[in-house]
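Quick note on labels: first sequence line is chain A, next is B, and so on, each numbered from 1. All values reported here derive from a predicted model rather than from experimental measurement.
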Protein chains: 2
Amino acid sequence: MLKYQQTATEIEAYIEQHALQQGDKLPVLDQLIRQFAVSKTTMTKALELLERKGTIFQVRGSGIFVRKTNRKGYIELFSTQGFKQNLVEHDIQSKVLSFELIPCPEEIIENLGSAPGEMVYAIKRIRYIDGNIMCLEESYYRQTIVPYLNREIVEQSIFEYLEMALGLNIGFSDMYMHVGKLPDAVATHLELTAGDPALTVETIFHLTNGRPFDYSVITYHYEHSQFVVQANGLYL
Amino acid sequence: MLKYQQTATEIEAYIEQHALQQGDKLPVLDQLIRQFAVSKTTMTKALELLERKGTIFQVRGSGIFVRKTNRKGYIELFSTQGFKQNLVEHDIQSKVLSFELIPCPEEIIENLGSAPGEMVYAIKRIRYIDGNIMCLEESYYRQTIVPYLNREIVEQSIFEYLEMALGLNIGFSDMYMHVGKLPDAVATHLELTAGDPALTVETIFHLTNGRPFDYSVITYHYEHSQFVVQANGLYL
DNA sequence: TAGTGGTCTAGACCACAAG
DNA sequence: TTGTGGTCTAGACCACTAC
């Protein structure tokens, strides 16, 4: 683990230990540098990390303060940061509806940037959050990049397998979101009624080297999912 | 403008001028450093900015590459970065439905962290994107922080006024999103039918010093709004 | 193994906030 | 004015990729 990541983790522990609340002040920079025995740049980087993560905010000329969201029961759709493991406070289960190895469907080729006829794993899962239906997920993995998958893996966390077992480095993703009315087929899976509202998120995942390897479409159950995003900076 | 921001802007211009496409390689780090005459740290910071903004991605041991989303017509709900001015490619108009100075409503006090009885500007607007109804926005500004607003300002960009005229420094925000069925009152304003799907986003905006100054609830027109988010890192 | 991006340091100097 | 966070530099060294 890198020094600045380690430092960030230690600062989080410090906040936890001292039970600091929203708006509470941390020790000043120089103090933190001495306390954690790192250079100013490293400390700055650690703090920047925590700032993006939404853990603190820094005010020049004033100090470093704790930032917290006060609402519970919201899912972090994506943290402004990134590598934060979300949903840890929730119990996530999956039920696999289908699992196949098929030629890449026409309409998905452009999303995955795959060659015509290339094979993909096509997976359909219902995901549960704390016992409730959270979403229907349909995902497609390029076999060129993910050579092997089986039903057992797919019942667990696929991404953990990709990183741990296959050693793939997941880089970045493009997400496209829209709201609409549930089609009949999806409604059945979510145990809702056709025409009910739904948030649909299409995501294209890339490796760190930029190659797309996974395209997924997630349709969320509107009664069992709400999201929080901690943003930094202005965006109109 | 800071040097690393300036550098980032120049690199964007470089990409533009050379008409670089998704996956195209930029000059190597050392070359960029020489070319733009900055230190390695500064260049790294500029590149980090562009990476968070979704303009490039960097691969250790390999190079720096251009990243682009290929879908058009999507609104950037919030960039993973932040200060990127969104919607610039769209024509945004506002119609003010109501504009009042009132005591802070009960249910909003906790969101704004305001004192009981404190006065707030309450504004209701319909916002149009390229001539279509995009959303209904209800927002509340604390008069303690925003001493003056009028109908004319509110018809334009409020945030621009806050930053330019009042010199306020907008820091960070917490957003809460959920999907549901349109209530009758809102449906009318959006020219939709009660029960239609809707994305609702509540946002609490803070100054850089951490004080909340604006609470807003935006309900999006599901047929005229879809969003793109460029994320970095993993998030399940 | 060569090339490329990433981390880390010490220290000078700058910019903003609060009293 | 003082204290505090932010920027910038030069350079050493590390870690990954591709050949």
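- In terms of heavy atoms, A/Ala46 sits closest to A/Tyr4 at CB-O, 3.3 Å.
- A heavy atom lying under 4.0 Å from DNA chain D marks the following residues of residues 21-32 of chain A, by number: A/Val28, A/Leu29.
- Residues B/Met43 and B/Lys40 each lie close to DNA chain D; by heavy-atom proximity, the contact nearer the 5' end of the strand is made by B/Met43.
- Summarising the local packing, CD of A/Gln31 is surrounded by more than 12 heavy atoms from other residues, nucleotides or ligands at distances under 6.0 Å.
- Across every non-hydrogen atom of A/Ser216 and A/Phe205, the tightest pair is OG-CE1, 4.0 Å.
- When heavy atoms are screened at a 4.0 angstrom cut-off, A/Lys45 is found touching the sugar-phosphate backbone but no base atom.
- B/Arg71 meets the salt bridge (Lys or Arg N to Asp or Glu O under 4.0 Å) test with A/Glu202; sequence neighbours excluded.
- Note: A/Tyr14 and A/Phe36 have perpendicular aromatic rings, judged against thresholds of 30 and 60 degrees for the angle between ring planes.
- For the pair B/Gly63 and A/Ala37, nearest-nucleotide mapping onto DNA chain C gives the more 5' position to B/Gly63.
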Would you mind building the protein contact string for nucleotides 14-19 of chain C? One character per nucleotide, 5' to 3', B for base within reach (heavy atoms under 4.0 Å), S for sugar-phosphate only, - for untouched.
-> -BBB--
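- With sequence neighbours excluded, no residue forms a salt bridge (Lys or Arg N to Asp or Glu O under 4.0 Å) with B/Glu10.
- When DNA chain D is scanned 5' to 3' for any atom under 4.0 Å from a heavy atom of chain B, the first and last hits are D/dT7 to D/dT17.
- Looking at A/Arg60 and B/Asn169, their side chains never bring a donor and an acceptor atom within 3.5 Å of each other.
- The aromatic rings of A/Phe159 and A/Phe213 sit tilted relative to each other, their planes meeting at an angle between 30° and 60°.
- Residue A/Gln58 is the one, among B/Val38 and A/Gln58, whose nearest nucleotide of DNA chain D lies closer to the 5' end (criterion: closest heavy atom).
- Partners of A/Tyr148 according to the ring-ring contact (aromatic ring centres under 6.0 Å, His included) rule, which considers only residues two or more places apart in sequence or in another chain, do not exist here.
- In the displayed structure, B/Glu155 atom CD is contacted under 6.0 Å by more than 12 heavy atoms of other residues, nucleotides or ligands.
- For the pair B/Ile64 and A/Met1, nearest-nucleotide mapping onto DNA chain C gives the more 5' position to B/Ile64.
- Within the model, atoms CZ of A/Phe227 and CE of B/Met175 stand 12.5 Å from one another, a figure rounded to the nearest 0.5 Å.
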